Amino acid sequence: MKQLARTTALTALTCLAALLPGLASAQNGYPTKPIRVIVPFAAGSTTDIIARAIADKMGASMGQALIIDNRAGASGTIGQQAVATAAPDGYTVMIHSSSHTVSPSTFAKLPFDTVGDFAGVTPISSLPNALVISPSKNIRTLSQLLAAARAKPGSMNFASAGQGSATHLNAEKFKMAAKIDATNIPFKGSGEAVTEVLSGRVDYYFSPIAPVIGQIKEGQLLALAVGSPRRAAALPDVPTTTEAGVPGSEFNFWIGMMAPAKTPRDIVNRLHDEVAKALATPEVKERFAKLGADAWTLKPEQFDAHIKEEIASNAQLVKAAGLSVQQ
């Protein structure tokens with residue numbers, strides 16, 4: 001009987017120990033101060049737009065403001081490093097794009113471990129990239145773009161939100177599938193890239209729909225195709241690149257939230273739940289619909305697994321495209 005009593009007591013203590021981190025967090029009332037949200041791209045970029053679309057709702061629900069901190073540069077790695085080295089206390093998080101899974105293959109050495117230094121919270125949205133071009137180029141269809149590129153190999157260029165960014169990878173995958181030659185012109189974010197395409201100084205850009213939907217509807221930009229596997233709800237009449245004659249060119253662009261690796265699991269779970277709650281509000285749903293963004297969530301451990309898988313697949317793409325590695 002004594003042995004049974006000891007075993008029962010030990011089991012109870014073990015269960016209590018497992019609950020302590022959550023109890024501690026509850027007792028501390030997390031969050032007790034504003035939460036810094038690092039966005040590794042410039043204000044006005046797609047990642048920034050999506051971050052701001054949910055920040056207010058999350059802040060209202062959590063009782064503390066979520067403050068956007070734009071840390072643009074070096075294809076997002078400046079912002080990534082700031083988060084990787086931040087205190088893992090739940091008061092610094094990152095909202096980044098799928099460029100997060102590209103940088104391990106396009107940089108010879110990173111000041112952080114893309115897997116080991118981050119804890120996935122959840123994806124927030126998947127967004128089709130639209131291949132946009134200025135009407136001044138007198139190109140109205142994807143087949144006309146391909147004909148122009150093939151007529152003068154190497155004469156065309158395209159914008160990207162940084163060397164090795166997800167927008168760059170989308171364009172490279174398209175270029176390989178279409179068997180054309182074009183030069184990447186990297187910028188710090190979508191805002192600069194869109195400006196250069198509007199001016200005609202850069203030929204085309206695989207832009208997330210959010211920063212260009214207004215210009216497309218106003219006729220300032222033409223959307224020749226979307227790079228996603230399916231047509232975009234916001235641009236139902238625009239074909240996919242596969243439908244337009246370039247099979248094997250699909251690319252999945254997403255935006256998600258991550259935290260420093262050692263952030264307590266109960267805080268990570270709380271952040272996940274708050275993102276999901278914000279995405280379910282009518283206001284955010286309406287905002288995403290206007291942006292052409294689809295809400296998308298995964299449990300933290302599922303998001304971590306997805307990131308690992310995508311790092312591997314993007315490494316193969318970078319190698320196949322022969323992209324140079326930044327030192």
Side-chain angles (χ1 to χ4, degrees), residues 41-50 97 127-162 165-247 249-251 253 288-293:
F41 297 112
S45 64
T46 304
T47 308
D48 177 74
I49 292 170
I50 293 296
S97 74
L127 301 96
N129 283 334
L131 195 169
V132 294
I133 191 168
S134 169
S136 65
K137 296 291 181 180
N138 294 316
I139 291 174
R140 298 292 183 268
T141 65
L142 191 64
S143 61
Q144 290 177 356
L145 175 72
L146 297 176
R150 289 165 181 160
K152 294 182 179 180
S155 63
M156 275 197 167
N157 55 35
F158 61 88
S160 73
S165 66
T167 56
H168 180 201
L169 264 285
N170 193 159
E172 290 290 349
K173 190 172 185 181
F174 169 77
K175 188 173 79 171
M176 285 193 299
K179 297 180 173 59
I180 61 172
D181 186 15
T183 302
N184 174 40
I185 308 296
F187 296 96
K188 288 184 178 180
S190 286
E192 290 182 8
V194 171
T195 297
E196 293 304 299
V197 174
L198 280 166
S199 72
R201 287 187 289 269
V202 177
D203 292 314
Y204 64 92
Y205 175 38
F206 269 95
S207 173
I209 290 177
V212 293
I213 188 67
Q215 291 95 328
I216 292 171
K217 290 184 175 180
E218 293 169 6
Q220 296 174 307
L221 288 172
L222 295 177
L224 304 185
V226 291
S228 51
R230 296 177 301 278
R231 291 195 182 199
L235 299 170
D237 297 327
V238 177
T240 67
T241 50
T242 295
E243 289 175 330
V246 188
S249 54
E250 305 89 354
F251 189 88
F253 181 86
F288 272 33
K290 290 180 179 178
L291 295 172

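Remember, predicted model here, so these are calculated numbers, not experimental data. Keep in mind that the numbers below use all heavy atoms, side chains included, and drop hydrogens, waters and symmetry copies.
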All pairs passing ring-ring contact (aromatic ring centres under 6.0 Å, His included) where residues 210-240 contributes a residue, at least two apart: none

Show me the donor-acceptor pairs within less than 3.5 Å that the side chains of residues 204-227 make with the rest of the protein, sequence neighbours left out.
unit_1: Tyr205; atom_1: OH; unit_2: Ser190; atom_2: OG; d: 2.8

Exercise: identify the closest heavy-atom pair between Ala234 and Ala289: CB-O, 4.4 Å

Nearest non-hydrogen partners of Ala161 and Thr167, listed with the distance: N-OG1, 2.8 Å

Side chain to side chain contact (heavy atoms under 4.5 Å, CB included) between Asn170 and Phe253, worked out: CA-CA 8 Å; Asn170 193 159; Phe253 181 86; 5.7 Å; no

Non-neighbouring partners of Lys175 that pass salt bridge (Lys or Arg N to Asp or Glu O under 4.0 Å), sequence neighbours left out: Glu172

Pair listing, side chain to side chain donor-acceptor pair (under 3.5 Å) test, anchored in residues 135-146, at least two apart: Ser134-Ser136, Lys137-Asp203, Thr141-Ser143

Those residues that, when tested against Glu196, pass side chain to side chain contact (heavy atoms under 4.5 Å, CB included) (two or more places apart): Phe187, Ser199, Arg201, Val202

Non-hydrogen side-chain atoms of Phe174 and Val246 separated by less than 4.5 Å: yes

Side-chain H-bond candidate by donor/acceptor type, Thr240 with Thr242, under 3.5 Å: no

Heavy atoms from other residues, nucleotides or ligands near NZ of Lys188 exceed 12 (cutoff 6.0 Å): no

Leu169 vs Phe251 side-chain heavy atoms within contact, under 4.5 Å: yes

Qualifying side chain to side chain donor-acceptor pair (under 3.5 Å) pairs with a residue from residues 221-235, counting only residues at least two apart or across chains: Arg231-Glu243

Residue pair Ile50 / Ala293: nearest heavy atoms and the distance that separates them: CD1-CB, 4.0 Å

Any Ile180 side-chain heavy atom under 4.5 Å of Met156 side chain: no

